[in-house]
Student: 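Here it is, the structure in full.
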Amino acid sequence: MIDVRLIRENPEIVRRALEYRQMTSELLDEIVDLESKRREALQVVEQKKAERNSISSEIARAKASKDENLSVSLMDRAKEISSEVKELDLRASQIEEELKKKLLYLPNIPSSTTPVGKSEEDNVVVRMWGEPRKVDFEIRPHWDYGPETGLIDFERAAKISGARFTILRRDLARLERAIANFMLDLHHSKGYEEVALPFMVKRDTMQATGQLPKFEEEAYRIDPDDMFMIPTAEVPLVSQHMDEILEGDLPKKYTAYSACFRREAGSYGKDVRGMIRVHQFDKVELVWFTHPDDSYDALENLTADAEDVLRKLELPYRVVSLCTGDIGFAAAKTYDLEVWLPSYNTYREISSCSNVEDFQPRRANIRFRDVDNKLKFVHCLNGSGLAVGRTLVAIVENYQRRDGKIDVPKALVPYMRQEVIG
RNA sequence: GGAGGCGUAUCCUAAUUGGCUAAGGAGCCGGUCUCGAAAAUCGGUGGGGUUGACGCCCCUUGUGGGUUCGAGUCCCACCGCCUCCGCCA
């Protein structure tokens, strides 16, 4: 959420942010209008309330001095004012409600270091690591390799759950578990606190991180309880500190494994083959809470921690700085990590690392006490470290051998206790 | 699922019978004392809104309603926690 004060005092900043995001500023105009109406209504109702309060204490005094006549006449007057207050209060809170609702639909303001651009095509590659392997045989895409070896079973997954689900078998089931464990151990060794979290959360929780209200059709809802399956561990990881004042030293660094659930509404033609885009996948997530002054250094560090997973797995990747037209709703700045996938003959997203600044903390009301003793919103960052399913795909394809077997990356051998798969 | 109990500020904890400013303690910040610290002692100290800023003022006792001139206190609903029972991996 964006500070209403900023919108009031510098609406042009927000207007430019919306332009950069390729969005119209209708919503902003409505908000500015509502905000001035809110303050008008507030002034009127508060004045009436002050009047009511002072008469109320006059009544108390009159009663104390046993002046029945005075207290009766005051009570008549108070009754009148009180009903006026009720009416004015209702109007004011309706305006406030409407304003709040609209504010929840306003995206974050991109950082000045986010490249300006219209779409994906304007994203900027900031660095590359590793070289795609050159081989003189045909690497089987994982969507062929899986069914051919029986290690990925799309058919039965579709039978029990529908399209965009997978069943992993034997060595690949074990590999998935090994990848998650490896990632968690690596992050743990760097000082991340490991957390195991609920995979279902309440509506408020989804709202705190920005998935709701705007993107409800993207989430799986559990109807009778109005709960949601988490689309990422970022949701519970950030929201665990809702309405808290963080004590102790910042930054706080968390890592968590979770399953993630996404409806992928509106991606019907995209990535229909294989397990690149599925409704349920595993991910290891990284979340930082930082002092506002430190969040951009933190973004570099968090991104480096995610990159380190790819380096240790020796998978070629590149880092892309998303442009203003492509960053997510809550993000001020985002680096995507893209891993080399032979089946696509290109780099595909495997991690997304974002600084949301105070956007989520403001929604979730997460603050800290600064050196000047004032309460301020923390800054919040999140990143995948990494998406487990896509990592598995990257290994299956990048480590595939001529004989159809797969070399286990060195870093995973201790977890798999074998050097070859298949 | 059934029965009962409890939610007060950063934390602990009071305020039965509705009434003027939510008392007190801890913690934190500052002063005195001290070579320095601890102890002692004095003062300050919740959050949000409104304001250009200060002050006045408004809201805030889990959340939302209701009764009343007036609600921490009475009523209703919801949420959370605890105890007991039932069911259960």
Side-chain angles (χ1 to χ4, degrees), chain A residues 1-11 13 31-32 34-104 196-208 212 222-228 236 239-250 252 289 358 361-378:
Chain A
M1 191 150 61
I2 297 176
D3 192 356
V4 199
R5 184 174 300 244
L6 175 75
I7 296 172
R8 190 164 79 211
E9 288 166 5
N10 299 92
I13 291 177
I31 286 170
V32 169
L34 275 172
E35 166 63 3
S36 78
K37 280 191 178 136
R38 178 185 72 94
R39 286 192 301 158
E40 263 171 53
L42 212 55
Q43 265 186 325
V44 178
V45 71
E46 282 191 1
Q47 202 186 332
K48 271 283 179 240
K49 278 182 179 174
E51 205 179 325
R52 179 196 61 189
N53 291 349
S54 80
I55 288 188
S56 216
S57 49
E58 273 180 59
I59 291 169
R61 274 197 296 276
K63 288 214 168 185
S65 59
K66 306 262 194 258
D67 190 339
E68 275 306 313
N69 287 341
L70 179 59
S71 60
V72 166
S73 75
L74 282 172
M75 275 164 70
D76 283 346
R77 174 83 186 114
K79 196 167 194 165
E80 231 171 88
I81 294 175
S82 209
S83 77
E84 283 177 62
V85 164
K86 195 171 257 184
E87 213 173 294
L88 293 169
D89 214 11
L90 183 70
R91 196 176 312 159
S93 60
Q94 275 170 348
I95 293 170
E96 178 133 28
E97 199 70 15
E98 208 181 329
L99 175 66
K100 269 188 189 163
K101 207 187 277 178
K102 289 197 191 292
L103 277 172
L104 290 174
L197 298 148
F199 294 173
M200 289 160 56
V201 296
K202 297 191 277 191
R203 181 173 283 275
D204 286 353
T205 310
M206 291 283 277
Q207 194 164 287
L212 293 184
I222 296 136
D223 186 46
D225 305 291
D226 199 30
M227 292 187 78
F228 294 84
S239 299
Q240 61 179 326
H241 289 306
M242 228 189 290
D243 296 318
E244 287 182 24
I245 290 150
L246 297 185
E247 299 289 348
D249 289 348
L250 294 171
K252 279 184 181 292
F289 294 91
D358 64 3
R362 192 180 296 280
R363 285 176 167 235
N365 191 30
I366 303 171
R367 296 174 297 174
F368 73 104
R369 203 169 285 281
D370 206 352
V371 284
D372 60 5
N373 230 22
K374 292 250 162 61
L375 289 176
K376 294 175 184 164
F377 291 110
V378 296

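Remember, it's a predicted structure, so these values are computed and weren't measured experimentally. Letters A, B, ... are given to chains in the order of the sequence lines, protein chains preceding strands, and every chain is numbered from 1.
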Student: Could you state the atom-to-atom distance from CZ of A:F377 to P of B:rG47 in whole Å?
Tutor: 13 Å
Student: Taking only the C1' atom of each, what is the distance from B:rU68 to B:rG49 in whole angstrom?
Tutor: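 Straight-line distance between the two C1' atoms is 26 Å.
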Student: For RNA chain B, determine which residues of residues 39-49 of chain A have any heavy atom closer than 4.0 angstrom to one of its atoms, and list them numerically.
Tutor: A:R39, A:L42, A:E46, A:K49
Student: Who are the salt bridge (Lys or Arg N to Asp or Glu O under 4.0 Å) partners of A:K37, not counting sequence neighbours?
Tutor: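 Applying salt bridge (Lys or Arg N to Asp or Glu O under 4.0 Å) to A:K37 gives A:D33.
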Student: Verify the contact: side-chain N or O of A:R5 to OP1 or OP2 of B:rU50, cut-off strictly under 4.0 Å; return yes or no.
Tutor: yes
Student: Mind checking side-chain hydrogen bond (donor to acceptor under 3.5 Å, both in side chains) for A:K102 and listing every partner two or more places apart, or none if nothing turns up?
Tutor: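 Expected list: A:E30.
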Student: If you measure from the C1' atom in B:rU16 to the same atom in B:rU10, how many Å do you get, rounded?
Tutor: 29 Å
Student: Please report, rounded to the nearest Å, how far the P atom of B:rU45 is from the CG atom of A:D370.
Tutor: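 Taking atom P of B:rU45 as the reference, CG of A:D370 is at 21 Å.
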Student: Reading nucleotides 68-77 of chain B from the 5' end, what letters show protein touch, with B for base, S for backbone sugar-phosphate only, - for no heavy atom under 4.0 Å?
Tutor: -BS-------
Student: Is the shortest side-chain N/O distance from A:N53 to OP1 or OP2 of B:rC59 below 4.0 Å?
Tutor: yes
Student: Given atom CG of A:N365 and atom C1' of B:rU63, what is their separation to the nearest angstrom?
Tutor: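 So the two atoms are 15 Å apart, to the nearest Å.
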Student: Once you apply the 3.5 Å cut-off to both distances, tell me the Watson-Crick or G-U wobble partner of B:rC74, or none.
Tutor: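 Across all strands, the one nucleotide that pairs with B:rC74 is B:rG66.
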Student: Under a 4.0 Å N-O cut-off, is there an ion pair linking A:K49 with A:D89?
Tutor: yes
Student: So among A:K63, A:E58, A:K79, A:R61, which one has a side chain to side chain contact (heavy atoms under 4.5 Å, CB included) with A:L74?
Tutor: A:E58
Student: If the C1' atom of B:rA15 is compared with that of B:rA23, how far apart are they to the nearest Å?
Tutor: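 Going atom to atom, C1' in each nucleotide, I get 7 Å.
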Student: Rounded to whole Å, please give me the gap between CD in A:E97 and P in B:rG64.
Tutor: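 Spelled out: CD on A:E97 to P on B:rG64 is 10 Å.
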Student: Assess whether side chain to side chain contact (heavy atoms under 4.5 Å, CB included) is satisfied between A:L212 and A:F228, documenting all intermediate values.
Tutor: CA-CA 10 Å; A:L212 293 184; A:F228 294 84; 3.7 Å; yes
Student: Provide the closest heavy-atom pair for A:L34 versus A:I95 in the form atom of the first, atom of the second, distance.
Tutor: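 Looking at all heavy atoms of both residues, the shortest contact is O-CG2, 3.7 Å.
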Student: Hunt down the Watson-Crick or G-U wobble partner of B:rC88, both distances under 3.5 Å, from any strand shown, or write none.
Tutor: none
Student: Which value, in whole Å, describes the distance between the C1' atoms of nucleotides B:rU51 and B:rC58?
Tutor: 13 Å
Student: Which whole-number value in Å describes the distance from A:D3 CG to B:rU50 C1'?
Tutor: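 Rounded to whole Å, this separation is 14 Å.
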Student: Please measure how far the C1' atom in B:rU50 lies from the corresponding atom in B:rC54, and state the result in whole Å.
Tutor: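 It works out to 13 Å between them.
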Student: Between A:K202 and A:S57, which residue's closest nucleotide on RNA chain B lies nearer the 5′ terminus?
Tutor: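 Closer to the 5' end of RNA chain B: A:S57.
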Student: How would you label the contact of A:L375 with the nucleic acid (heavy atoms, under 4.0 Å): base, sugar-phosphate, or nothing?
Tutor: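 Result for A:L375 = sugar-phosphate.
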Student: When the C1' atoms of B:rG70 and B:rG80 are considered, how many whole Å apart are they?
Tutor: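 Straight-line distance between the two C1' atoms is 30 Å.
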Student: For A:Q94, is the CD atom crowded, meaning more than 12 foreign heavy atoms sit under 6.0 Å from it?
Tutor: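 Yes - once you tally the heavy atoms of other residues, nucleotides and ligands closer than 6.0 Å, there are more than 12.
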Student: What is the minimum heavy-atom distance between A:R38 and A:R8, and which atoms define it?
Tutor: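 Smallest interatomic distance, heavy atoms only, reads NH2-NH1, 4.0 Å.
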Student: Do the side-chain N or O atoms of A:R369 get closer than 4.0 angstrom to the phosphate oxygens (OP1, OP2) of B:rC29?
Tutor: no
Student: Run the salt bridge (Lys or Arg N to Asp or Glu O under 4.0 Å) test against A:E84 and tell me which residues pass, sequence neighbours left out.
Tutor: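 Only A:K48 meet the salt bridge (Lys or Arg N to Asp or Glu O under 4.0 Å) criterion with A:E84.
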Student: Specify the separation, in whole Å, of atom CD1 of A:I245 and atom P of B:rG27.
Tutor: 19 Å
Student: Rounded to whole angstroms, how far apart are CD on A:E96 and C1' on B:rG48?
Tutor: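 In whole Å, B:rG48 C1' lies 11 Å from A:E96 CD.
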Student: Output all residues satisfying salt bridge (Lys or Arg N to Asp or Glu O under 4.0 Å) with A:R39, sequence neighbours left out; order by chain, then residue number.
Tutor: A:E35
Student: Would you tell me if any nitrogen or oxygen in the side chain of A:R8 comes within less than 4.0 Å of OP1 or OP2 on B:rG52?
Tutor: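 For B:rG52, neither OP1 nor OP2 has a side-chain N or O of A:R8 closer than 4.0 Å.
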Student: Expressed in whole Å, how much space separates the P atoms belonging to B:rC33 and B:rA38?
Tutor: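 Looking at atom P only, B:rC33 and B:rA38 are 15 Å apart.
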Student: Considering every strand shown, what is the Watson-Crick or G-U wobble mate of B:rA37 when both distances are under 3.5 Å?
Tutor: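 B:rA37 is paired with nothing.
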Student: Below 4.5 Å, heavy atoms only, C-beta onward: do A:R203 and A:M227 meet side chain to side chain?
Tutor: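 The answer is no, as the side chains (C-beta and beyond) never meet within the 4.5 Å cut-off.
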Student: Strictly by Watson-Crick or wobble contacts shorter than 3.5 Å, is anything paired with B:rG4, and which nucleotide is it?
Tutor: B:rC82
Student: Sticking with atom C1', work out how far B:rG7 lies from B:rG72, rounded to a whole angstrom.
Tutor: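 Per the computed distance, 12 Å lies between those C1' atoms.
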Student: Tell me the interatomic distance from A:Q94, atom CD, to B:rG65, atom P, rounded to whole angstroms.
Tutor: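 Whole-Å distance recorded here is 12 Å.
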